[in-house]
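Here is the structure we will look at, set down as structure tokens.
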Amino acid sequence: MSARGATVARTIATLDIPPRPRWQWKSWCAVGLVVIITAITLSPRWGVDFSLEAIARNWQNGAEKILQLLVPDWSFFPRTVPALLETLQMAVIATAVAAVVSLPLSLATARLTNPNGYSRSLVRALLNVIRSIPDLLYAAILVAMVGVGALPGIIALVLFNVGIIVKMVSESIEANDPGALEAGRAAGGNQVQINRASALPDIMPSFINQTLYVLELNVRASSVLGLVGAGGLGLLIDAVRTFYRYDQLSLIILEILIIVMALDVLSNAVRRRLV
């Protein structure tokens, strides 16, 4: 062995090897707790009414519907185009409005960009209320207030998007290094100036990512909101479902799938260029 090799061997021998963690039992306890909760949830007495017997008894009904879904009615495509365009319009408008509203709210809900505890708590409480209400319930209430059409769907999507974007972006702000903000404060800048000069450049990648993400969500969500009269493909889905036209429903599902995949490719390209 060379002198260098011997030196390396002596150095390794003198190193303090950290002991193996002794708290592995905590991980096993967590897994066991999850298993117990799952078992209780699936039990017929204490949990949901889950029955494999019902699935085995009614599997033929599901198989029949799946076979109908495998044969789309391509002649139905011209009737889906107006509803499809309305769904895309709803998704784009709701995403744009939500992005404009969410950016200042994200700064207002993060401790680093809003040191005022009272205003921060007030905005957080308001956003918690917004997030606690499902988007479908928003749409149902707004349809009763505004009427059937795309407008209640857009408003419902905006509320849904604001809750998601603000939550994710504000958490991203909290995870950033506060050094730049503290330096701006030490230089005598007010909070608005500090946020504009230091915070906004840091959160823009996260903000763009979340905005693109909710754009993809809006295409699917707007299709569901139409089931309560909030415009888009959902109105058409409800109509064909009422007459059990699963072949036409299959075509609509295929169109939504293609749009979501196209948006995913587009959003990835935008992320690579801007983020």
Side-chain angles (χ1 to χ4, degrees), residues 80-110 123 126-143 145-146 148-173 199-237 252-253 255-275:
T80 66
V81 173
L84 183 62
L85 294 177
E86 186 176 55
T87 294
L88 292 175
Q89 291 170 353
M90 291 170 58
V92 172
I93 294 173
T95 303
V97 175
V100 173
V101 175
S102 298
L103 186 57
L105 290 179
S106 299
L107 297 173
T109 54
V123 177
L126 176 62
L127 290 171
N128 287 334
V129 173
I130 292 175
R131 280 195 301 270
S132 64
I133 301 175
D135 53 345
L136 196 61
L137 183 56
Y138 276 130
I141 296 173
L142 290 167
V143 165
M145 296 171 56
V146 180
V148 176
L151 180 59
I154 292 174
I155 300 175
L157 288 175
V158 168
L159 295 172
F160 172 66
N161 294 343
V162 167
I164 294 178
I165 296 177
V166 174
K167 176 69 174 177
M168 297 301 181
V169 176
S170 62
E171 290 181 352
S172 176
I173 296 173
L200 284 179
D202 287 339
I203 69 171
M204 269 303 161
S206 175
F207 178 74
I208 293 173
N209 279 330
Q210 297 305 325
T211 302
L212 293 173
Y213 172 64
V214 298
L215 176 61
E216 299 174 19
L217 285 181
N218 283 344
V219 175
R220 297 189 292 268
S222 58
S223 302
V224 176
L225 297 182
L227 296 175
V228 295
L233 280 172
L235 288 172
L236 195 58
I237 291 175
I252 298 174
I253 295 173
E255 291 174 354
I256 296 173
L257 174 62
I258 293 173
I259 292 174
V260 170
M261 292 176 62
L263 286 176
D264 183 59
V265 173
L266 178 62
S267 62
N268 287 335
V270 173
R271 288 188 183 99
R272 286 194 299 267
R273 189 173 294 270
L274 297 180
V275 179

Say you draw a straight line from CZ of Arg131 to CG of Leu126; how long is it, rounded to the nearest 0.5 Å?
-> 10.0 Å
Heavy-atom closest contact (Thr80 atom, Ile252 atom, distance) | CG2-CG1, 4.1 Å
Atom pair CE/CD1 of Met90 and Ile155 - distance to nearest 0.5 Å | 10.5 Å
Quick one: do Ile141 and Leu137 satisfy side chain to side chain contact (heavy atoms under 4.5 Å, CB included)? Show the steps, please.
-> CA-CA 6 Å; Ile141 296 173; Leu137 183 56; 4.0 Å; yes
Give the minimum heavy-atom separation between Ile164 and Leu217, together with the two atoms involved.
-> CD1-CD1, 3.8 Å
Say whether, by atom type as modelled, one donor and one acceptor occur between the side chain of Ser206 and the main chain of Ile203 under 3.5 angstrom.
-> no
Side chain proximity check, Asp264 to Val260, heavy atoms < 4.5 angstrom = no
Hey, is the main chain of Met168 close enough, under 3.5 Å, to the side chain of Ser172 for a donor-acceptor pair?
-> no
Minimum heavy-atom separation for Val169 to Gln210, with atom names?
-> CG2-CG, 4.1 Å
Atom CE in Met204, atom CG in Asn209: separation rounded to 0.5 Å?
-> 12.0 Å
Can you see which heavy atom on Val129 is nearest to which on Tyr138, and at what distance?
-> O-OH, 4.1 Å
Considering all heavy atoms, the nearest Leu233-Leu84 contact | CD1-CD1, 3.7 Å
Show your reasoning for whether side chain to side chain contact (heavy atoms under 4.5 Å, CB included) applies to Ser102 and Asn161.
-> CA-CA 8 Å; Ser102 298; Asn161 294 343; 5.9 Å; no
With the side chain counted from C-beta on, respond yes when Leu127 and Lys167 share a heavy-atom pair under 4.5 Å apart, and no when they do not.
-> no
Distance (rounded to the nearest 0.5 Å) between Leu105 CG and Ile165 CD1 | 10.5 Å
Say you draw a straight line from CG of Leu236 to OG1 of Thr87; how long is it, rounded to the nearest 0.5 Å?
-> 9.0 Å
Which atom of Ile173 lies closest to which atom of Ala110, heavy atoms considered | CG2-CB, 3.6 Å
Quick one: pull up CG in Leu142 and CG in Leu225 and give me the separation to the nearest 0.5 Å.
-> 9.5 Å
